[in-house]
Amino acid sequence: MNAGETCVPSADDSRQDTAQESWYNSHSWVTWKEWEDKSTWKDDWQEPPNHTWEVFADLGLEHLLYDAKELRRVLSCGESKDLLEAAGFGDVFDHPSKKQELKLQLDLLKRVQELFRKHDVRAMIQEPDMLIGLAERCQDLQKSFEECGYPQGFLRHYSQLREAFRQLGLEDLLDNVQAMKHFLANHTKQEELVYLRAAASRVDEVEDQLKQRDEEVARVRQENQALRERLAAFEDVSQSIPPTPQQRWIQLPILELDGKDRGKVLESLRCWGAVHLAPGWDKANVRPNWLNWHTLMMEATRQRKKFLARECVQNKQLRFSLSEDLSRTMIGEAKSHQPDRRVSFGISDSAVQSPLVNWEDLQWAVDGFRNLKASLCEVVERELRDLCAQDGDRETLAVKIVQGWENWGKSNLRHCVYPENGTCSAHTDYGLVTLQYSTGPGLQILRDDTWLSLDSPRGCALLMAGDSLERLTNGMVKAVQHRVCMADEERSSTSFPEMKFDCRSLEGARQSHILFLAPSADTLVAPLQCQLRHDGTDLAAVRYGDWHRAKVNLAFGPCIAHAQRYSASGP
Ligand SMILES: O=C(O)CCC(=O)C(=O)O
Ligand SMILES: [Fe+2]
């Protein structure tokens, strides 16, 4: 850009306040040459303002264009050009690179100014000699301090140092290196200096500590962040894991039916849904022979050929099942069929009654069933007889019980063997009552929406109310919902997660021996006359065979063909 072409706005006293506006409005411009000679300013000079603006902006001096007064002051200052020239920027308007250089210098100057202002030695900037003197003094001071054993960076906090010297009345020393050197050399042990040195070390020390602390804080922050992320991940996972519910136990009453508790069975079942029967409730000892059943289980699972070759197995008088899903009897057929994790043997009453069956060496099982059933029938009929006395329809269970006609033809014996994580999903039994013996805990009953684990008092049998008792009593005694689950983490579910169960590896963690006492297929299970309410809420009469078949179909579901081959009996 040629100096001749370059324009700067002329100052206009009447428009000092809004300077930029004033150049545009006044159109009063002067060339660089005219600017050089302040006496030749012409108020009527007119040029577009963009060049001027550019040049001032390039020089970092655009603030002058906002302040006419200041501009005039600068322009009228005789030294301006001299100064530029002295600084080697005389030709600044002719060479763009010079402009750039000047701009950098000005930037640097601005920063130096700020620094000096910060350290409260602003006056120095006015006076180059002072500045140079100060820089030299600082260097010398630095050296002197270091020679006298002061920490490096002692002068870094110059304003604090100055204040400390001022307080000690020694401020002059900072402006006179020779005096300072002399002073330091002769006063190394002086108390004030020891204090000063200590203070300076402390500043450095504290600064180091602060630096370390900052690093530490940054590190801990990072660790915290990492931990927070891990925690969040854990929380995500833990939210997807259902909490393991606390296992809760219930102590059921133990009835002594050979003595004081006779006649209390129905009432106890009404209250508890299930009760224990103390040893001695039976005519003969009807406790199962666990060893015999275990041996049979080993045969069925490990010597399959031998087991299947048995005549009673082939004729389905002895059934072996591992495909029952009892939860389907509660939830319905919409539930996918997922067998409970256990195996069970079943013997139906009809098989036991038949004189034609060849039980081979399994007569003990049949005898066990017969004795158990006889004992249970005696107890049940005795306990129910009074209640059933009023009923008149000869097909009904009540009349059959009173008359002694009920032969409990759909009763069956079931012997179950469970693996470690064995299950039997929630259900009610279909018959009148169920009598159970077991080798260990695992059975739970549902009371007030809570699953409660039962212990098995030594030698006691467990008696549970079934669907038919609920119907017979018109709901007065409710069938008890129960299930078996042997693994803790599954204690909250109604039906259990699918888990492959290979019965060939079954050791038998728990055995249960169950007699389902159920009426004959043609018996009509109808609410007792004495229990009717006649308010539309009475339960309907049901032929037991129909009820039983419907439930068995649900429990075996799609496997019904298989079920009918192996185990058409049910709870
Ligand atoms: O194994 C048990 O203790 C109970 C089994 C059961 O409730 C059933 O098979 O109906
Ligand atoms: Fe059951």
Side-chain angles (χ1 to χ4, degrees), residues 249-250 252 269 273-277 287-288 290 293-294 297 319-331 338-348 369 372 376 410-446 451-457 460-470 478-487 490-491 494-496 501 503 506 508-518 547-548 551-552 554-556 563 566-571:
W249 293 80
I250 183 172
L252 294 174
L269 287 178
V275 287
H276 290 297
L277 306 183
R287 300 198 54 209
W290 302 113
W293 283 105
H294 187 263
M297 183 274 289
R319 297 177 160 109
F320 181 68
S321 159
L322 32 73
S323 56
E324 198 178 22
D325 176 358
L326 283 169
S327 63
R328 278 171 57 91
T329 65
M330 304 293 289
I331 300 169
Q338 186 187 313
D340 295 325
R341 286 194 296 274
R342 62 173 183 173
V343 297
S344 59
F345 294 99
I347 301 176
S348 66
F369 182 6
L372 191 54
L376 188 57
K410 284 301 255 182
S411 298
N412 61 282
L413 181 81
R414 170 175 288 179
H415 192 95
C416 307
V417 185
Y418 293 82
E420 290 288 354
N421 61 351
T423 62
C424 164
S425 45
H427 66 282
T428 54
D429 293 342
Y430 328 148
L432 193 78
V433 289
T434 301
L435 189 107
Q436 180 254 36
Y437 284 103
S438 74
T439 56
L443 185 66
Q444 299 176 332
I445 60 169
L446 189 65
W451 285 106
L452 302 170
S453 296
L454 302 184
D455 57 1
S456 26
C460 288
L462 179 76
L463 189 70
M464 292 186 279
D467 296 341
S468 303
L469 187 58
E470 182 170 337
K478 291 265 178 321
V480 64
Q481 222 185 109
H482 57 283
R483 68 181 190 178
V484 176
C485 58
M486 298 184 57
E490 290 164 358
R491 291 197 193 279
T494 309
S495 55
F496 301 102
F501 162 50
C503 74
L506 180 68
R510 175 179 184 269
Q511 294 185 53
S512 63
H513 187 78
I514 304 160
L515 176 71
F516 302 104
L517 189 69
W547 182 255
H548 189 93
K551 289 278 190 169
V552 168
L554 280 170
F556 288 96
Y566 288 97
S567 175
S569 56

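Numbering of ligands and ligand atoms starts at 1, following listing order. All of these numbers come straight from a predicted model, not from anything done at the bench.
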contact_flag Glu324 ligand 1 heavy-atom lt 4.0 Å: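 Contact absent.
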Contact check, Met464 vs ligand 1, heavy-atom distance below 4.0 Å: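 In this structure, Met464 fails to qualify as a contact of ligand 1 - no heavy atom is under 4.0 Å.
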Under 4.5 Å between any side-chain heavy atoms of [X] and [Y], yes or no?
X: Trp249; Y: Pro441; value: yes
X: Cys416; Y: Ile514; value: yes
X: Thr434; Y: His482; value: no
X: Tyr418; Y: Gln511; value: no
X: Trp547; Y: Tyr430; value: yes
X: Thr428; Y: Met330; value: yes
X: Asp340; Y: Val484; value: no

Per-residue contact class, Thr434 against ligand 1 - non-hydrogen pairs under 4.0 Å: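 Neither; nothing of Thr434 gets under 4.0 Å from ligand 1.
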Name, closest N/O/S atom of [X] to the Fe ion (ligand 2):
X: His427; value: NE2
X: Asp429; value: OD1
X: His482; value: NE2

Taking only heavy atoms of [X], which atoms of ligand 1 are found under 4.0 Å from at least one of them?
X: Ser512; result: 1 (O), 2 (C), 3 (O)
X: Tyr418; result: 1 (O), 2 (C), 4 (C), 5 (C)
X: Asp429; result: 10 (O)
X: Arg510; result: 1 (O), 2 (C), 3 (O)
X: Val484; result: 1 (O), 2 (C), 3 (O), 4 (C)
X: His482; result: 7 (O)

Contact flag Cys424/the Fe ion (ligand 2), N/O/S atoms, threshold under 2.8 Å: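 Not a single backbone or side-chain N, O or S atom of Cys424 is under 2.8 Å from the Fe ion (ligand 2).
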For Ile250, side-chain contact (heavy atoms from CB on, under 4.5 Å) partners two or more places apart: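 Expected list: Leu252, Trp272, Ile445, Arg447, Leu452, Leu454.
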Those residues that, when tested against Trp293, pass ring-ring contact (aromatic ring centres under 6.0 Å, His included) (two or more places apart):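 By the ring-ring contact (aromatic ring centres under 6.0 Å, His included) rule, Trp293 matches Phe345, Trp364, His415, His513.
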Heavy-atom proximity to atom 6 (C) of ligand 1, best of His427, Arg414, Gln436: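 Minimum heavy-atom distance to atom 6 (C) of ligand 1 goes to His427.
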